[in-house]
Amino acid sequence: MKQKTVFVCGECGYETPRWMGKCPQCGSWNTIVEEERVSLPRSAAVSRAVRLGDVTLQEQSRISTGIGELDRVLGGGLTSGMTVLMGGSPGIGKSTLLLQCAHHLCAKGTVLYASGEESRHQIRLRADRLGLGEGVLLLCENAVEAVLEEARSKKADFLIIDSIQTMFTEDAPSAPGSVTQIRSSAAKFTRFAKETGTPLFLVGHVTKEGALAGPKVLEHIVDTVLYFEGDRQEGLRLLRSEKNRFGSTNELGVFEMTDKGMAPVPDPSGLFLSGKKPAPGCAVGCIMEGSRPLLTEIQSLLCPSAYASPRRTALGMDVSRFNMLLAVLERRAGLKLSDKDGYLSTSGNLRLQDRGADLAAVLCLASASCDTPLPPMTAAIGEVGLTGDVRPVGQMAARLKECQRLGYTTLVVPQGVKPVPGLRLIPVNNVLEAVSLVLYPGEK
Ligand SMILES: Nc1ncnc2c1ncn2[C@@H]1O[C@H](COP(=O)(O)OP(=O)(O)OP(=O)(O)O)[C@@H](O)[C@H]1O
Ligand SMILES: [Mg+2]
């Protein structure tokens with residue numbers, strides 16, 4: 001007889017025929033739960049394959065959400081039947097942004113906003129505070145079937161579900177919020193979106209570790225996964241696309257949380273700069289976020305360690321990369337750092353994934369080490385290798401242009417960069433040259 005139940009990991013969706021304490025796939029403890037295996041009825045209609053060239057194309061025009069920064073991460077706007085999962089920690093502004101989006105979409109069609117978390121009253125209060133219009137259809141409901149029925153009867157052109165964790169379908173036996181429920185509910189909503197061509201937003205909560213609560217499989221069901229990140233205190237919110245079937249995944253949307261809601265920041269480049277006079281342990285670099293260059297200020301602090309193995313903390317940079325850059329500086333530029341505690345942070349805790357920020361990080365650490373500020377209006381761009389060599393990175397011209405636009409006059413760059421009128425370039429081969437030319441000019 002075929003087994004009726006299966007054990008599934010709540011984090012990654014790994015399936016096993018028996019219970020285990022630790023998931024062999026993602027390594028999380030106590031996440032494996034028993035689920036009933038649902039066999040889908042086979043449809044009577046026989047599917048036939050067609051030649052790719054014979055597939056008729058429906059017009060795939062993009063529908064703007066009315067929020068430029070959201071359109072940017074979506075890859076230019078919504079498409080028909082597009083399903084979007086928006087994740088983020090509590091209070092980061094998911095409901096706020098989607099309510100604003102709903103308000104703009106009202107001009108293009110009927111928007112149904114289904115909330116399983118808040119009462120009509122609360123949503124109305126938020127809408128009043130944000131000064132939004134009244135055209136959005138509100139539904140405070142947890143039952144998937146009821147939401148879909150309402151979406152059909154009201155002929156919704158857009159559907160927003162806040163949040164998928166609070167939704168509940170009669171077809172799955174377990175409680176709301178459980179893996180089975182989240183998965184079945186999401187599957188029902190996405191099926192509706194695909195069948196009717198309705199763009200769909202699902203809000204998803206994020207656990208303490210930053211992973212999407214519930215099964216990772218949710219990410220496979222939808223077309224696009226957007227994550228909110230940012231410092232709650234600073235009011236800056238970054239929207240990143242982790243997955244996008246209809247566009248690039250390296251675009252970044254920047255918002256500021258204001259009392260009027262999430263305000264898009266279309267020109268964020270200067271936002272991460274303090275504009276203060278250079279201090280020791282401070283350097284400016286330029287990273288690319290998709291097609292957009294962003295200037296970032298990096299700060300570091302080095303102090304004698306009280307321990308045999310010094311503390312190393314990096315906010316906004318991978319700690320192993322930080323340790324690597326410290327080791328390169330020690331071995332290739334002769335700075336004594338191995339007995340120092342090291343701290344590094346980026347302004348706004350902007351994540352430095354782009355290797356182009358390496359040279360700025362290295363100069364920032366060297367400046368902290370010798371307690372000398374970098375010359376004013378100086379920025380650095382380049383990747384640093386284990387041998388201490390400084391290498392070029394992509395889109396150099398766009399980065400230089402952005403630095404110049406924000407008033408930087410001196411740029412430390414790898415060899416071979418084309419000169420730019422009005423910019424003083426300091427080409428360097430390696431970190432030793434960079435440190436000596438920038439921090440000890442005039443000395444041979
Ligand atoms: N009067 C106000 N002025 C400015 N900001 C406010 C005001 N009221 C609420 N906020 C901001 O709105 C945020 C809540 O946003 P929102 O409810 O959209 O978040 P969320 O991501 O949907 O949260 P949850 O996961 O709890 O649903 C708060 O963290 C707060 O910063
Ligand atoms: Mg919310």
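Note that ligands are numbered from 1 as they come in the structure, with each ligand's atoms numbered from 1 the same way.
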Backbone or side-chain N or O of Leu97 under 3.5 Å from ligand 1 N or O: no
Going by heavy-atom distance to atom 6 (C) of ligand 1, choose the closest among Arg129, Met257, Glu118. Arg129
Examine ligand 1 and decide if any of its atoms is less than 4.0 Å from a heavy atom belonging to Arg126. yes
Can you find an N/O atom of Lys94 closer than 3.5 Å to an N/O atom of ligand 1? yes
The side-chain contact (heavy atoms from CB on, under 4.5 Å) partners of Lys22 (sequence neighbours excluded) come to Trp29
Could you establish whether Gly93 and ligand 1 come within less than 4.0 Å of each other, counting only heavy atoms on the residue side? yes
Total protein N, O or S atoms, the Mg ion (ligand 2), separation less than 2.8 Å: 1
Could you tell me the separation between the CZ atom of Arg405 and the CG atom of Leu400, rounded to the nearest 0.5 Å? 14.0 Å
Based purely on interatomic distance, does Ser95 place a nitrogen or oxygen under 3.5 Å from a nitrogen or oxygen of ligand 1? yes
Polar proximity ligand 1 side, Asp162 side, N/O cut 3.5 Å exclusive: no
Testing Cys403, Pro268, Ser347 one by one against Leu295 for a side chain to side chain contact (heavy atoms under 4.5 Å, CB included), which residue passes? Cys403
Hey, are Ser241 and Glu251 close enough side-chain-wise for a donor-acceptor pair under 3.5 Å? no
